[in-house]
Amino acid sequence: MSKIMFSSISIQNKKGFWIGLWVFSTYFIFFLLQAVHNYPVKIAKQIVSIQVIVGTSVFLFICITYLLVRYISGINSKGIGTKELFYLFMSLGIASFLYFAILSRGYTFLTVLHTDPKDIFMDFINSAGVGSNPYEKGVIYPPLVNVFYVSIGRFLDFSQCATDVRNSQMGLLLYTFYNFFALSILYRQVKQFRSTVNLNETEHTFLFVLMIFSIPMLYLIERGNSVLLALIATMYFVQHYSSGNKVCRYKAYLALAVAGSIKIAPFILGAVLIRKVSFKELIYAAGICLGVFLLPFIVTHGSPLDLLHNIMDATKLFQGKILTSDGQCISLGYGVFVNSYNFYQAFERLTAIHITGVGRWLDIIGFITTSVIVSFNNRLDEYYKITLLILLIILFPGFSNIYNLVYIFIPLILLLNKYDSEADMKYGIFFILLLFIFIPVYNMPMDWLSVYVSDKYPLTISTVMESVSCIILFLYVYIQSITITYKQFKWKFKKNIS
C-alpha cells in the first residue's frame with residue numbers, strides 16, 4: 001500500500017528511503033509506547049486505552065509522512081534524494097517529538113531541557129546582572145559580551161532576586177526582543193549562506209524551521225545563552241573569509257573577532273587563514289581579533305589572566321562534584337555536556353573501564369594534528385577543514401554544553417551547499433550523523449542509565465546520541481583528512497625525486 005502511495009513521487013535514493021522509513025516507524029512505535037506508559041493519556045478523568053492511542057497514532061504517522069514526502073519532493077524538481085531524506089526524517093522526528101509532547105501534556109518535551117525548571121532563561125538574566133566587575137564574580141565570558149550584558153542590565157532592577165527579575169515584565173520583554181532580533185538575523189544569515197548555491201527561499205525557510213526545533217537550539221533558547229550571537233558571527237566569517245572582495249574578507253575578520261569575543265573558542269577557526277591569505281593580511285586579521293578582544297577590558301575591569309583563572313575554576317567545577325542544599329555531595333553529571341572528556345568519564349563510570357587518562361592524551365594528539373593539517377594543507381576540502389575545527393570547539397574544551405552543538409549548523413549548511421553542487425551519494429554518512437545530533441527525542445528512563453540518576457544532570461539518551469555522533473563524525477573526517485594529506489605528501493615526494 002505504501003509503495004502505491006509513493007509511486008507518483010520521484011525517489012532517487014529508494015534504498016535509503018525505505019530502510020529509513022522502516023527504522024523510523026519502529027522508533028516511533030517504540031517511543032510512543034514508552035511515552036503513553038510513563039504518561040497515561042486522559043480525556044476528562046478517563047484513561048484512553050493504549051490500543052486506541054497506538055492505532056490512531058500510526059494512522060496519523062502514515063498521513064503526516066505522506067504529506068511531508070509530497071511537500072519535500074515539491075520543494076525542488078529533483079525529487080527525494082539524500083538531502084531530502086535528511087529533511088524528511090528530521091521533520092518526522094520533530095513531528096513525533098511534538099506529538100508525544102501533546103499526548104503527555106508537555107512532559108516528554110521537558111526531558112530535553114534543563115533539569116531545573118526554575119532556571120529557565122537564567123543564562124541571559126544572570127549575565128545581565130553581573131555588573132561592571134564581572135571577573136570578581138567568576139564570570140567566564142570575554143569582556144565584549146559582558147559590555148553587552150551590562151547594557152541590558154541597565155533596563156532591569158536587580159535589587160530583587162534574579163528569578164523575580166526574569167519573571168518581571170521588563171525581564172520577559174527584553175528576553176523576547178533579544179530572541180526575536182537574534183533569530184531574525186540568524187535566519188537572514190542562513191538564507192544568504194545557502195543562496196550562494198541554492199536560491200530556493202522555500203527550502204531555506206524549511207531548513208531554518210528544522211534548525212529551530214533541533215535539540216541544541218531548543219536547549220539554547222531555554223537557557224538564553226550568548227552562543228546564539230557567536231553562531232551568527234561565526235557563520236558570517238565562514239561564508240566570507242575566502243571572498244575575492246577585500247572589504248568582505250575584512251568584515252569576516254571582524255566577525256571572527258566578535259565571535260571569539262563572545263565565546264573564545266571560535267578563534268580556532270582563524271587556522272583556515274594561515275595558508276589562505278598573505279602574511280600581511282594574516283597580521284591584520286590577528287590585530288583585529290586581538291583589538292576587539294582586549295579593548296573592552298577597559299570597561300569591564302579585570303584582565304585576561306582573571307578571565308583565564310575563572311575558566312580554569314569553572315572547568316574544575318563542571319568536571320567534579322557539588323554539594324546539594326541538604327549537604328550531600330553528588331556528581332554534577334554528564335547530561336548537559338557533550339565534550340569528549342565528559343563522555344570518557346561517563347563511559348568509565350558505566351563500564352569501570354579506565355579510559356579517561358588515555359582519552360586526554362588522544363584529545364591532545366587529535367587537537368594538535370588537526371590544527372596542523374587544517375593550517376598547512378591548503379588543498380584539503382573546505383568542508384573538512386571547517387567541520388574539524390567546529391568539532392574541536394565542541395569536543396575538546398574542559399566542558400562543553402549541549403547548546404554548543406548549534407555550531408554544527410555551519411558544517412550542515414556547507415554540506416547542503418556541497419550536495420547541491422555535486423549531488424554525490426557519498427555524503428550519506430554525514431547526513432545520518434547530523435540527523436542523530438539534531439533530532440529531538442523523548443529522553444525516557446532506561447535501566448542502563450540508572451547509574452547516573454542521582455546526579456545533578458543525569459545522562460540522557462539524547463546526550464549519548466549527540467556525543468557519540470560528534471566523536472564518530474570527527475574520527476571519520478579526521479581519518480579522511482589524514483589520508484588525503486598523506487597521499488598529497490607522497491605524491492609531492494615522488495615528484496621531487498623524479
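- Phe337 has its side chain out of reach of Thr463: every pair of non-hydrogen atoms, C-beta onward, lies at least 4.5 Å apart.
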Atom pairs and distances, donor-acceptor, side-chain atoms in residues 226-240, under 3.5 Å, two or more places apart:
residue : atom : partner : partner atom : Å
Thr234  : OG1  : Ala230  : O            : 2.6
Gln239  : OE1  : Gln189  : NE2          : 2.6
Gln239  : NE2  : Gln192  : O            : 3.4

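- With sequence neighbours excluded, no residue forms a ring-ring contact (aromatic ring centres under 6.0 Å, His included) with Tyr384.
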Show every donor-acceptor pair shorter than 3.5 Å between a side-chain atom in residues 172-186 and any protein atom, with sequence neighbours excluded, or say none if there are none.
residue : atom : partner : partner atom : Å
Tyr175  : OH   : Asn179  : ND2          : 3.2
Tyr175  : OH   : Ile221  : O            : 2.3
Tyr175  : OH   : Gly224  : N            : 3.4
Thr176  : OG1  : Leu172  : O            : 2.7
Ser184  : OG   : Phe180  : O            : 2.6

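- A donor atom on one side chain and an acceptor atom on the other are found under 3.5 Å apart for Asn146 and Tyr135.
- The aromatic ring centres of Phe430 and Tyr419 sit 6.0 Å or more apart.
- A salt bridge does not link Asp119 with Arg166: none of the charged nitrogens is closer than 4.0 Å to a carboxylate oxygen.
- Asn417 and Asp420 are not linked by any side-chain donor-acceptor pair at a separation below 3.5 angstrom, with hydrogens and angles left out of the test.
- When the shell of 6.0 Å around CZ of Phe436 is examined, it contains 12 or fewer heavy atoms from other residues, nucleotides or ligands.
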Checklist entry - Between Tyr457 and Tyr334, does a ring-ring contact (aromatic ring centres under 6.0 Å, His included) hold up when you go through it step by step? => result CA-CA 6 Å; Tyr457 304 120; Tyr334 318 102; over 10 Å; no
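- Under a cut-off of 6.0 angstrom, the local environment of CZ in Phe158 is crowded, with over 12 non-hydrogen atoms contributed by other residues, nucleotides or ligands.
- With sequence neighbours excluded, no residue satisfies ring-ring contact (aromatic ring centres under 6.0 Å, His included) with Tyr284.
- Applying the ring-ring contact (aromatic ring centres under 6.0 Å, His included) criterion to Tyr478, with sequence neighbours excluded, gives Phe474.
- Aromatic rings of Phe409 and Phe438 (six-membered ring for Trp) have centroids within the 6.0 Å cut-off, being under it.
- Note: Phe267 and Phe293 have perpendicular aromatic rings, judged against thresholds of 30 and 60 degrees for the angle between ring planes.
- Salt-bridge check for Lys276 with Glu281: failed, with every basic side-chain N at 4.0 Å or more from each acidic carboxylate O.
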Could you pull out all donor-acceptor pairs under 3.5 Å where a side-chain atom in residues 295-308 meets a protein atom, sequence neighbours excluded?
residue : atom : partner : partner atom : Å
Thr300  : OG1  : Pro296  : O            : 3.3
Ser303  : OG   : Leu305  : N            : 3.4
Ser303  : OG   : Asp306  : N            : 3.4
Ser303  : OG   : Asp306  : OD2          : 3.3
Asp306  : OD2  : Ser303  : N            : 3.0

